[in-house]
Structures are given as C-alpha cells and as structure tokens.
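Report on the following structure.
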Amino acid sequence: MGLPLRSFCILRSLFPQRRRASNPQSRGLSSAAMRLVQFVRRGAPGRVRVGVEQGPGGLGVVDLKAFEPSMPSTMRELLQLGDEGLDCARRALSSGLCVVERSDLQLLSPVLAPEKVVCVGMNYRDHCLEQNAPIPKEPIIFSKFPSALTGPYDDIILPSESQEVDWEVELAFVIGRGGKHIKEEDALSHVAGFTVANDVSARDWQMKRNGKQWLLGKTFDSFCPLGPALVTRDAVGDPRSLAIRCLVNGDTVQSSNTDQMIFQTEALVAWVSKFVTLTPGDVFLTGTPPGVGVFRKPPVFLKKGDVVECHIDQLGSIINKVV
C-alpha cells in the first residue's frame, strides 16, 4: 500500500535532499514554465510559504518548503538561489505532492519587501494621446515604497488625506538575477517573470501637492496590489502583446494591449541598471494604458465600496475592494 501524500512530505522533511552548489549570478535563470505564488495557510498567518500553482484558478498549490525543507520561505530568497531554486520548484510541481487546497490558503503579493519598486510613467502611446502629451524619448522613472505592496485580493485603503484616488492597471515584472549596466540583448535573462499590478494613485498629491513630485501620491499603504502569481518567462507567450484591462464595479474603464508600450521590458532593465544595481526580487511596474479616472470628463475617482479588477491575459486577475 502506498504512503499518503502528507506522510511522504513528512518523510522528505526528515531526509532533505542535499542542495547543490550554485552561483545564481553566473548565468540566466533556468527554463521553467511555472506560476509561483506566496501564501499563508488560513489559521497560520505568520508562516509565509512559496508555492507553485498546479494551474490557474481552482487547482491546488504545491508547498515548496514542505516538498523540500531546505528551500526558503519567501519568493525573494527563492530567486536569490537562481537556477537551484527554480529547478526545485519545477520538481515539486512535477511530483504532485505536498498540495495545499485553495480553500486552505490566502495568496499574498508574489514578492514581499523587495529592495526596489521601480515604476515607469507615460509608457503607453495611447495613454500619452489621451492627455495630449508628447511621446517620451527616454523612460520616465519614479518609485513606490515597498510598504505600498499588498496582495492580489486585499483591500485598497482610501487615505483620509486624499480625495482623488485613481486606478492604473499595469504589467509588472520581477528581477530574478541581479546586475548593473545590463545590456538590452541580455535583459530578459535577468527577469524571473511577470505579474499584474494596480498602480493606485492619489492624483491630488501626485499632481498638485508635494511640489508635484509623484512619490507621495503613489505610495500610500495598499497602493500597489500585486499578483496573483509570478508567471515565469516561459509560461508567457509574448509579453509585448498581451491584452490588458481594468474594470471598476464590473464596467471596463481601461482596455489596451502591451504592444502600446513605448519602452518594453528589455529597454527598461537596461536603462534602470545604468543608475542602480538590480537585485533579485526587485519589482518593475511598466506603465498604464488610457482610461484612468483623472482624465475622464468629468474626472472619476474611487470611493468606498468600489471593486477594482485588473486583468492581463495569460497572467490572471487581481481584484481589490476599496475601503
């Protein structure tokens, strides 16, 4: 008679496999089509785990640390292992063992406490046309504090300091291999994968206050829902051609395609790495298409009770209630 899956996972924890020496900075990340997540089990909120989805939607999640106890508990640490970490995740997914049912877990942001959250402004041609703005000749870079990150289904908290909170669906990517002065032709080898973001923005603070510097208007707590999964490069057909849309209370407010991006992933990695050293886990938000509330006539802003859904084909949806 075979061992139950739970018993097999317990035996693996008693006799973990030896970890192979690796240098994650020496080569690109291994080819592995997966959907990686961070989660906590319901009833154990402090125990963050990395998992691999068995498939988008209703299927279970393989608990990577239960499968291989020597593996870390956070996505950032997993990415720091380079090929070793992703190879282990692939083996765990293939095994079909150590599965946590969806009903027993809560998804978190795919990355917690990254060193950097890098954002790009005015990066969609159709968004520039929406506001009669010239096409940028070089990327417009700003940032959010990592404390703005929140989970794919967590609430967006309306701050009492702002009356003009707006939505921005964005394609995001996560750095898997660090570097400085990365060449554009090598840039994708430094990217672990892609995910969905909402660059929630307080337009009054972005456009009228704080000397019109964008940071404060972009970085209130909960102003960066992210998820639902980190979809590895090989699981995404062409990140340059993905349908992207945002719905508020079920009504479509943004609908475009990433082929409208002025500076694609490779160009952004090369550009930003001229100025700062990129590290595993760094998050990039690549800009938003037209349809934001501030440029509507009259302007429309989020209010308590609204539900915002951001969707990108092949990556999934994040759904956040405004409270």
Side-chain angles (χ1 to χ4, degrees), residues 34-42 45 47-64 73-76 78-79 100-114 117 119 144 146-158 165 167-174 192-201 218-232 235-236 239 242-250 253-254 258 281-286 288 302 306-323:
M34 295 180 291
R35 297 177 59 91
L36 301 168
V37 297
Q38 279 190 144
F39 68 94
V40 292
R41 288 178 180 264
R42 298 193 186 278
R47 296 179 59 189
V48 177
R49 293 296 183 94
V50 180
V52 191
E53 289 187 333
Q54 291 185 305
L59 298 177
V61 171
V62 178
D63 184 338
L64 185 54
S73 297
T74 70
M75 187 77 71
R76 186 177 175 188
L78 181 72
L79 295 177
V100 182
E101 299 299 325
R102 291 276 179 167
S103 58
D104 294 332
L105 60 82
Q106 175 188 350
L107 288 183
L108 307 175
S109 168
V111 179
L112 296 173
V117 180
C119 306
K144 288 178 177 277
S147 56
L149 290 173
T150 193
Y153 309 118
D154 292 343
D155 292 338
I156 296 169
I157 302 170
L158 283 184
V165 176
W167 57 82
E168 290 191 9
V169 60
E170 306 208 4
L171 172 69
F173 65 85
V174 177
F194 298 86
T195 190
V196 184
N198 186 351
D199 178 14
V200 184
S201 305
K218 294 283 190 173
T219 204
F220 284 96
D221 290 349
S222 78
F223 269 28
C224 192
L226 196 70
L230 176 60
V231 184
T232 57
V236 180
L242 298 173
I244 179 172
R245 59 189 177 272
C246 177
L247 297 87
V248 177
N249 300 326
V253 292
Q254 292 182 276
T258 57
D282 286 347
V283 176
F284 278 65
L285 276 59
T286 62
T288 198
L302 294 172
D306 286 344
V307 177
V308 185
E309 177 179 356
C310 296
H311 178 87
I312 300 178
D313 283 0
Q314 301 182 42
L315 304 183
S317 295
I318 58 176
I319 303 172
N320 307 92
K321 184 176 180 181
V322 180
V323 300

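All values derive from a computational prediction rather than experimental measurement. Computation of the quantities below employed the complete heavy-atom set of this structure, encompassing side-chain atoms and omitting hydrogens, waters and symmetry-equivalent molecules.
For D282, the salt bridge (charged side-chain N to carboxylate O under 4.0 Å, His left out) partners at least two apart in sequence or on another chain are K116.
Salt-bridge check for R102 with E53: passed, with a basic side-chain N closer than 4.0 Å to an acidic carboxylate O.
Across every non-hydrogen atom of L171 and I312, the tightest pair is CA-CD1, 3.5 Å. Residue S103 comes nearest to R42 through the heavy atom pair O-NE, 3.3 Å, listed as atom of the first residue, atom of the second, then distance. Residues L78 and L64 approach most closely at CD1-CD2, 3.6 Å, considering heavy atoms.
Between the side chain of N249 and the main chain of V307, a donor-acceptor pair closer than 3.5 Å is present. Between the Q38 side chain and the S109 main chain, a donor and an acceptor come within less than 3.5 Å of each other. Put simply, the side chain of T219 never gets that close to the backbone of A148: no donor and acceptor are under 3.5 Å apart. A donor-acceptor contact shorter than 3.5 Å links the side chain of T195 to the backbone of G227.
Counting only N and O atoms by type, the side chains of K218 and S201 include a donor and acceptor under 3.5 Å apart.
Looking at L315 and V236, their side chains come closer than 4.5 Å, going by heavy atoms from C-beta outward. Contact annotation: the side chain of K144 approaches that of L285 to within less than 4.5 Å [non-hydrogen atoms, C-beta and beyond].
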Name the atoms and distances for all side-chain donor-acceptor pairs under 3.5 Å in residues 149-157, with sequence neighbours left out.
{"residue": "T150", "atom": "OG1", "partner": "D154", "partner atom": "OD2", "Å": "3.2"}
{"residue": "D154", "atom": "OD2", "partner": "G151", "partner atom": "N", "Å": "2.9"}

